[in-house]
Amino acid sequence: MPKVIKTEVEFEGRFYEEYIVLEGEDLSPWGPDRDREFRFVGKPQPRVDGPERVTGAAKFTHDIQLPGMLYGRILRCPHPHARIQRIDTSKAEKLPGVRLVLSAENAPEIPWRMGLTQLFDRTLRYAGEEVALVVADEEEICYDALDLIEVEYEPLPFVVDPVKALEPNAPKVHESGNLLNGAPEVYERGDLEKGFEEADVVVEGVFRTQSALHNCMETHGSVAHWEGDTLVIWDSTQHIFGVRAQVAQALGLPLNRVRVIKQYMGGGFGSKNAAGKYTVMAALAARRTGRPVQVLLDRFEENLATGNRPSTVQTLKLGAKEDGRLTAIYHKSILNVGAYAAWPASASGPTKRLYSCPNLKTEDYSVYTNLGPFSAFRAPGYVEGTFALESMMDELARKLNLDPLELRLKNYAEIDPITNKPYTTKGLKQAYERGAQLIGWEKREEVKKTRSTKTKRVGFGMASQIWGGSGGPPAYALVKINPDGTATVITGTQDIGTGTRTALAQIAAEALGFPLERVRVELGDTQWGVYSPLSAGSMTLASVGPAVRAAAEDARAQLLDVGAQVLEIPRDRISLEQGEFVDARSGERTPVQTIFEKLLNYTIVGKGARGPNPEDKNINTFGAQFARVEVDLETGRVRVERIVAVHESGRVVNPLTIRSQLYGGVIQGLGYALTERRLEDPRRGLVVNPSLETYKVPTVEDVPDIVAEMVDMPDPEANPLGVKGVGEPPIIPTAAAIANAVADALGFRVYELPLTVDRVLMALQRGEPSRGEDNK
Amino acid sequence: MAKALEPRVQSAQLPSIRGPERVPLTLNVNGRTFSLSVEPRRTLLDALRNDLGLTGAKKGCDEGTCGACTVLLDGKPVYSCLLLAVECQEHEIETIEGLARDGKLHPVQEAFVEHDALQCGFCTPGQILSVKALLEQNPEPTEEDVKRAVSGNLCRCGAYPHIVEAALAAAKKLKS
Ligand code: FES
Ligand code: FES
């Protein structure tokens, strides 16, 4: 009988309660002892959809072309804050080829951003906010028509600097004020004052981090099409079920009248966790024109309106005993969330959780400004927070004359400092040890001496990573055994480029006893009706994987039951191997499809659900990265020579694709550390570099030697697969490790990211170490 | 977002100017000839994608800064978003769709799969064509050569180390 239970689920550092339905037997965990039997799990497996991706056959949302499809393009506000006085779309409507113009004049009122604004609002709170949609026969005609729309704006006072936005007379982004929820998010434990009193040394600094832009290679967009009264949407999204719910609500449709499909997508990194205005606009336009409508964003829009990693100003103060033990931490962050926020931003996650420190206080101020709204960006808050925390830890190590690694080990958390629960597994020590070995940590002073010259300095640095990544319920799966002897895995998850399809195929093949080629994975379509959560928070595999295993085990048991009867072999003598029944006594092998010749198109359907996470344990992922850099004292250029990344995320299902994820995280972290920065002109309230020409993401030439390894240790208490997430962990410590290596090379610290040549040169000129208060 | 609109001047003195209406043209793509009718301002990328349905070349920026739209023009990698379709008549155009033969992947494609030189796969067609062009012209590239060849192809997923690995492996495979 199905069992309903209530359980707690973590997502990106926040906890939520969920009800889930469990069916079937509890699975015994795949522990370390199972490993030697594995055929597919743990083996490097090229992607099952690799051929589609290398031939151009893979259809991304951008590639969906339907008969009679029209193109929609969006007009956006050129002012940081304005009210529309008058909008005249008549000239645009008359342009040949234009089919529809939607704006506040003729579109329904649809609340957006939890009612803070409308789909088409007359008050616009950032440059780039949506004003109108033009729908035409061709893209080029859309752009012509956009130029013909006349809008009279009344410019309003604006603010883009979050510190200024908190001042009493600052222009208001929203009537309710510029501080989200009217107060900071505060967390406290122990007695902060006492903690600092007990300290032998105190270090303090002010860190500044930039707004970073996702720049997914595929820009956001949707194609919408009505099939009778059913709305079908192709959306470049990390969350098909979320898009379905949001669109259904916006248009007042029942859920079963909306179908959302996403087979391939060109990156999301957290910016595609929900439906966009473009999604709803495409649906409305498709209804009004009676034709399929594609609404895609261009690169500029992408960089103005689809989210960003918020900039921060972080004040951090650490107190410690002479031997290095932390006695107190204070961490205050001001985060620029832009014009709207779905939830409060925070940079204090790592501070609260990474080290064992009894007295601690954190305050996170999420501040509205007249800039594009922030969104999740690969390990939101943890990348920013880890930079500040791990930089400060190095300053503390320097003051105490301790090895930075030793200082971290002194404060190693054996239990979670917030919940006081033990971890299911924690491989951080192993990561430290292996990483130190791979970078040559012990010999670093020698290397620095021999490699450094009058104009070039070499430095080493390291940083730690903590993150959730437990995954959790609800997530469901079906595994079908088809009459042709193949298996189909059905889930509602999405493969956002991380290799989900492949990993799920490996798991199902393993559990079924089928060859991998005989397993096909269907995902990315709400029509299957098998719910899976969004692909974010490093939770896909650890959420959906156990459900797939459970469904496969169920299907396998049914197949054996049926097979035993058809083949007339006692149930306890029959087993499955590589898609064949094996009779234990005779050793005779019979292909699975043989039984279906008699059963005439009978299909077996196995069901699986993701069970709850353990209540008495904490599930976290860990890792450490080490960097070796060379700084040119004449030009200020930082050259990262080598990054060693060692992470622990439970069992490794696919060592080949996991290495891709580690590389990808490190490379995005490298961009964040050195070159990526959204630039705003505070006088005009505009973003000045919303293009790939001026916003510098790393190219192949910027990439250092990267050594990426996993501490492969199954975590059987976490879930019956022993897996945890790995999407976000590798970006978390990169910038911090690089910044620490740069500080090691220079002998003093630059407190602001990215570490561009001008900042390094200015710091060199100033010579004297600064604690960050005066950097601008 | 609105882009500057070029005035559509119809000049009597310059009768050779075509457009703004659609004009007929032929394109030679993957060894086949296609006749189409597009506005002269249509880019090669849009013509391939929207008119010929060859969506393997991607639009990442439409302004020559990402490389997702890379195709080969007479064997050389070009950004197809920076070319007008009308300029490309009389040239041999090769897109990602033309690489596999009878369902068999080209060795560069094979190497990309084997070495997992991709994640989302959006930049991949462009990367593969840049590598193919390199190997045709330089069958024994160094790591530096490979990096230079794909330095105009951004990959936000950071597949770069595996792309370099795959390119070098493909070079070996093609030689043997
Ligand atoms: S789309 Fe052509 S270079 Fe980006
Ligand atoms: S694989 Fe995603 S952009 Fe290159």
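Only a predicted model underlies this, so the values are computations on that prediction, with no experimental measurement involved. Within every chain, numbering begins at 1; the chains are lettered A, B, ... in the order of the sequence lines, protein sequences first and strands thereafter.
Using a 4.5 Å cut-off between non-hydrogen atoms, the part of residues 161-176 of chain B that approaches chain A consists of B:P161, B:H162, B:V164.
Contacts between A:P44 and chain B at a heavy-atom distance below 4.5 Å are absent for every atom of the residue. Proximity to chain B (any heavy atom under 4.5 Å) is restricted, for A:T219, to the side chain, taken from C-beta onward. For A:Q65, the part sitting under 4.5 Å from any heavy atom of chain B is the side chain, from C-beta outward, and nothing else. Of the two parts of B:L99, neither the backbone nor the side chain holds a non-hydrogen atom closer than 4.5 Å to a non-hydrogen atom of chain A. Proximity to chain A (any heavy atom under 4.5 Å) is restricted, for B:H115, to the backbone atoms N, CA, C and O. For B:S151, the parts lying under 4.5 angstrom from a heavy atom of chain A are both the backbone and the side chain. Using a 4.5 Å cut-off between heavy atoms, A:M265 contacts chain B through its backbone alone, with no side-chain atom that close.
Ranking A:P51, A:C216, A:P698, A:G499 against chain B, the residue ahead of the rest is A:P698, based on heavy-atom pairs under 4.5 Å. Each of A:H214, A:E52, A:Q45, A:K59 has some count of heavy-atom pairs under 4.5 Å with chain B, and the biggest count is that of A:H214. Interface check for chain B: of the options A:M69, A:Q661, A:E302, the most heavy-atom pairs under 4.5 Å are formed by A:Q661. Per-residue counts of heavy-atom pairs under 4.5 Å with chain A were compared for B:T65, B:D46, B:L54, B:V150; the largest is that of B:T65. If you tally non-hydrogen atom pairs under 4.5 Å between each of B:R49, B:E97, B:E114 and chain A, the highest count goes to B:R49. The residue among B:A159, B:G67, B:C157 with the most heavy atom pairs within less than 4.5 Å of chain A is B:C157. The most heavy-atom pairs under 4.5 Å with chain B, out of A:Q668, A:M217, A:R299, come from A:M217.
Scanning all heavy atoms of the two residues, the minimum distance from B:R156 to A:N215 falls at CG-O, 3.2 Å. Closest approach of A:S691 and B:E63 over heavy atoms only: CB-OE2, 3.5 Å. A:L692 and B:C61 get closest at one heavy-atom pair: CD1-CB, 4.4 Å. Across every non-hydrogen atom of A:V703 and B:K147, the tightest pair is O-NZ, 4.2 Å. Of all the heavy atoms in A:G267 and B:C120, the pair that sits closest is N-CB, 3.6 Å.
Using modelled atom types, one side-chain atom of B:Q109 and one backbone atom of A:V54 make a donor-acceptor pair closer than 3.5 Å. Under the 3.5 Å distance criterion, the side-chain polar atoms of A:R53 are left unmatched by any main-chain donor or acceptor of B:L118.
Between B:F122 and A:F60, the distance from one ring center to the other falls under 6.0 angstrom.
Salt bridge annotation for B:K59-A:D298: absent, with no cationic side-chain nitrogen under 4.0 angstrom from a carboxylate oxygen. Between A:E138 and B:R22, at least one side-chain N (NZ, or NE/NH1/NH2) sits under 4.0 Å from a carboxylate O, which counts as a salt bridge. Ion pairing of A:E701 with B:R148 is absent here, as no side-chain N (NZ or NE/NH1/NH2) approaches a carboxylate O to less than 4.0 Å. In this structure, B:D116 pairs ionically with A:R47, as a charged nitrogen and a carboxylate oxygen lie closer than 4.0 Å.
Shown here is A:E693, whose CD atom has no more than 12 heavy atoms of other residues, nucleotides or ligands within 6.0 Å.
For A:E139 and B:N50, the side-chain atoms include at least one donor-acceptor pair closer than 3.5 Å.
At a threshold of 4.5 Å between non-hydrogen side-chain atoms, the residues B:Q119 and A:I496 do not count as touching.
Here the CD-CZ distance, from A:E140 to B:R41, works out to 5.5 Å after rounding to the nearest 0.5 Å.
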request  = Check the pair A:T55, B:I96 against side chain to side chain contact (heavy atoms under 4.5 Å, CB included), reporting the backbone distance first and the verdict last.
outcome  = CA-CA 6 Å; A:T55 53; B:I96 194 71; 5.5 Å; no

